[in-house]
J.: 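Have a look at this one.
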2 protein chains.
Amino acid sequence: MAGPRTIVAAPRRTAAEEVYRSLRRDIVTLQHRPGAPLGEQALADTYGTSRVPVREACRRLQQEGLLTSIPYKGYFVSPISPKEISDSFELRSAIETRAVSLAVGRASDRELERLSSLASIEYTYSDWASYADFLDKNLGFHLEVASLSRNDRLFTVLHNLLVSMQRFFFLGLDLGDFGAEMRNEHELLVRHMIRRDDVAAAACAEQQITASYERIRRALAAAEGVELPISEG
Amino acid sequence: MAGPRTIVAAPRRTAAEEVYRSLRRDIVTLQHRPGAPLGEQALADTYGTSRVPVREACRRLQQEGLLTSIPYKGYFVSPISPKEISDSFELRSAIETRAVSLAVGRASDRELERLSSLASIEYTYSDWASYADFLDKNLGFHLEVASLSRNDRLFTVLHNLLVSMQRFFFLGLDLGDFGAEMRNEHELLVRHMIRRDDVAAAACAEQQITASYERIRRALAAAEGVELPISEG
DNA sequence: CATGGGAAGATTGTATACAATTCGTATACA
DNA sequence: TGTATACGAATTGTATACAATCTTCCCATG
């Protein structure tokens, strides 16, 4: 899913890696709420390891923006502020539209065909497990586009950004059933790319990212500071 | 220099932080050559600490792309390949042009005036210390632009990217005296920004980034695999 | 001479113990 | 009552010891 040519490095089975993946999953699926306190020792007890691997995982998540460290107080799940959401979408727009442009110029017909097969995804309204699966496949689609840009550095940065944005999307899915809408968006984008129209494809991506942002904004306005600890940005 | 409103976090004086900063400086100034092997224990001995802080620093540098880890062999300074340079400039172009656009719409006249004062920089040809100072100030200029975008996430990502690209620029400065040229570029960009012409400013930034890439490419072609270990990309 | 096995060395991964720093609180004092 | 201060609890930061894993090289064996 993540990478077609994942020659980079085989992810080894290490405790630090396990803690990292588990913690990240729990954070992006909102099972650890924004603002929730996490201590190294507590996490070590939870995962049955020592503080050293936990520490490594936490520093990684901190660098990716999902955790915030307050020295001698502990780690905290980074709060979700309107500004952070807006900043993230703005940056995503800058990077992903370029990725689409580059991909149009560099991907083979064969690869675009394969991309097309990843465009059709859906979920079941108000089904949590379905949400998780949907977001995973949606991430896969966008990462495939990024990978077709043939730019490893761009891929890595966009990968990190999209992962940290996953929890925003979790907030949005409950607002309504957008499965069909997003599937149509994906398919439209791929059609532009197959036609090798880089300008139209980039504009299409830009517009879809804005639409996604609007969905999140509406979901946030609907929830309006009751369910989740949203900090003022 | 880095940030005007650096409210984010006071950089604590910790051993891991010291090792990180020292190592990063030595890598971007090419005092540690691309491909050079670095072991945790050796670094610990060098810096007079234990492996734990060294490890933390190395993982950070690895995630930023300056170090490459080969399991059970050691860390190595990431090689500089033509593709890595090209990828980096491509990504930089995507992010920085957007940063310029945003800054034009959000910075105050006062801030743009201050930015103007950072534009005039120069260096002395074939003077190493002068190079380091020049690159530092040049970085400061571009980071100030990024900061004026008012997008923290964009700032952080571009910051990391530009830092890791510093060592490319080191290769380029010896090719000739580009001080005046780059100063003119900076001043032209600022003039576009002051005129609040975001399209012209973004196009100007794009063109300048391309020019910078060309300078590096020529420098690399001139050196042609004799002085430095350049891996084939 | 090619090849597989295995021991030795090196490196990373993990656990535990200890030091350093910070924050809250209680308390002494004005 | 208000304020300063000292103490203690909690947490991170660091050092060291040990275990696991990989590489390498040598040697036996076909």
Side-chain angles (χ1 to χ4, degrees), chain A residues 6-24 26-27 32-79 231, chain B residues 6-24 26-27 32-79 231:
Chain A
T6 308
I7 316 184
V8 273
R12 282 178 299 164
R13 262 1 221 332
T14 178
E17 186 73 17
E18 284 299 316
V19 174
Y20 168 75
R21 303 188 90 87
S22 298
L23 245 182
R24 193 183 69 175
D26 290 347
I27 292 175
H32 282 144
R33 297 295 180 83
L38 301 172
E40 290 183 359
Q41 188 59 55
L43 289 171
D45 296 342
T46 301
Y47 289 103
T49 68
S50 78
R51 277 179 46 217
V52 179
V54 167
R55 188 182 177 78
E56 182 171 326
C58 287
R59 300 315 277 248
R60 237 176 115 180
L61 290 167
Q62 182 189 353
Q63 197 165 0
E64 293 172 4
L66 287 174
L67 283 186
T68 301
S69 163
I70 299 185
Y72 302 106
K73 291 282 282 188
Y75 293 91
F76 297 83
V77 179
S78 296
S231 81
Chain B
T6 308
I7 316 185
V8 274
R12 283 172 300 160
R13 274 339 246 305
T14 179
E17 186 73 18
E18 283 300 316
V19 174
Y20 168 75
R21 302 190 89 88
S22 298
L23 245 182
R24 192 183 70 175
D26 289 348
I27 292 174
H32 282 145
R33 297 297 182 82
L38 300 171
E40 288 184 1
Q41 189 58 57
L43 289 171
D45 296 342
T46 301
Y47 289 102
T49 69
S50 78
R51 276 179 48 217
V52 179
V54 168
R55 187 182 176 77
E56 182 171 325
C58 286
R59 301 311 277 249
R60 235 176 118 181
L61 290 167
Q62 182 187 354
Q63 197 166 358
E64 293 172 6
L66 287 174
L67 283 185
T68 302
S69 163
I70 300 184
Y72 302 106
K73 291 279 282 189
Y75 292 92
F76 297 84
V77 179
S78 295
S231 82

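Chain A is the first sequence line, chain B the second, and so forth, proteins listed ahead of strands; every chain is numbered from 1.
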J.: Take atom OH of A:Y75 and atom C1' of D:dT12, then tell me their distance rounded to the nearest Å.
T.: 8 Å
J.: Looking at C:dT21, which nucleotide sits across from it as a Watson-Crick or G-U wobble partner, both distances under 3.5 angstrom, or is there none?
T.: D:dA10
J.: Looking only at side-chain N and O atoms, does A:K73 come under 4.0 Å of OP1 or OP2 in C:dT21?
T.: no
J.: To the nearest 0.5 Å, how far apart are CZ in A:R59 and CD in A:E40?
T.: 7.5 Å
J.: Does A:R55 form a salt bridge (Lys or Arg N to Asp or Glu O under 4.0 Å) with B:E56? I'd like the steps, not just the answer.
T.: CA-CA 9 Å; A:R55 188 182 177 78; B:E56 182 171 325; 3.5 Å; yes
J.: If you define the side chain from C-beta out and look only at heavy atoms, does anything of A:Y75 sit under 4.5 Å from A:L61?
T.: no
J.: Hey, is the side chain of A:R13 pairing donor to acceptor with the base of C:dG13 inside 3.5 Å?
T.: no
J.: Check every strand shown and say whether A:T49 touches a base, only sugar-phosphate, or nothing at a heavy-atom separation below 4.0 Å.
T.: sugar-phosphate
J.: Starting at CG of A:L43 and ending at C1' of D:dT12, how long is that distance when rounded to a whole Å?
T.: 13 Å
J.: Are OP1 or OP2 of C:dA15 and a side-chain N or O of A:R55 less than 4.0 angstrom apart?
T.: no
J.: Select one nucleotide: of C:dA20, C:dT14, D:dT16, the one nearest the side-chain heavy atoms of A:T14.
T.: C:dT14
J.: What verdict does the salt bridge (Lys or Arg N to Asp or Glu O under 4.0 Å) test give for A:E17 and A:R13, after you've listed the backbone C-alpha separation in whole Å, the side-chain angles of each residue and the deciding distance to 0.1 Å?
T.: CA-CA 7 Å; A:E17 186 73 17; A:R13 262 1 221 332; over 6 Å; no
J.: From C-beta outward on A:Y72, which listed nucleotide comes closest to its side chain: C:dA20, C:dA15, C:dG13?
T.: C:dA20
J.: Can you tell me if the side-chain N/O atoms of A:R51 get under 4.0 Å from OP1 or OP2 in C:dA15?
T.: no
J.: Grab the CG-C1' distance between A:L38 and D:dT11 for me, whole Å please.
T.: 14 Å
J.: Answer with base, sugar-phosphate or nothing: what part of the nucleic acid does B:E40 contact at a heavy-atom distance below 4.0 Å?
T.: sugar-phosphate
J.: For A:E56 and C:dA15, give me the distance from atom CD to atom P, rounded to whole Å.
T.: 12 Å
J.: Could you tell me whether the side chain of B:S78 and the main chain of B:G65 form a donor-acceptor pair under 3.5 Å?
T.: yes
J.: Rounded to whole Å, please give me the gap between OH in A:Y47 and P in C:dA15.
T.: 15 Å
J.: Pick the closest DNA chain C nucleotide for A:P53 and for B:Q41 by heavy atoms, then say which residue is nearer the 5' end.
T.: B:Q41
J.: Taking CD1 from B:I70 and P from C:dA10, how many angstroms apart are they, rounded to a whole number?
T.: 18 Å
J.: With DNA chain C as reference, determine whether A:A15 or A:P71 sits nearer its 5' end, using the nearest nucleotide of each.
T.: A:A15
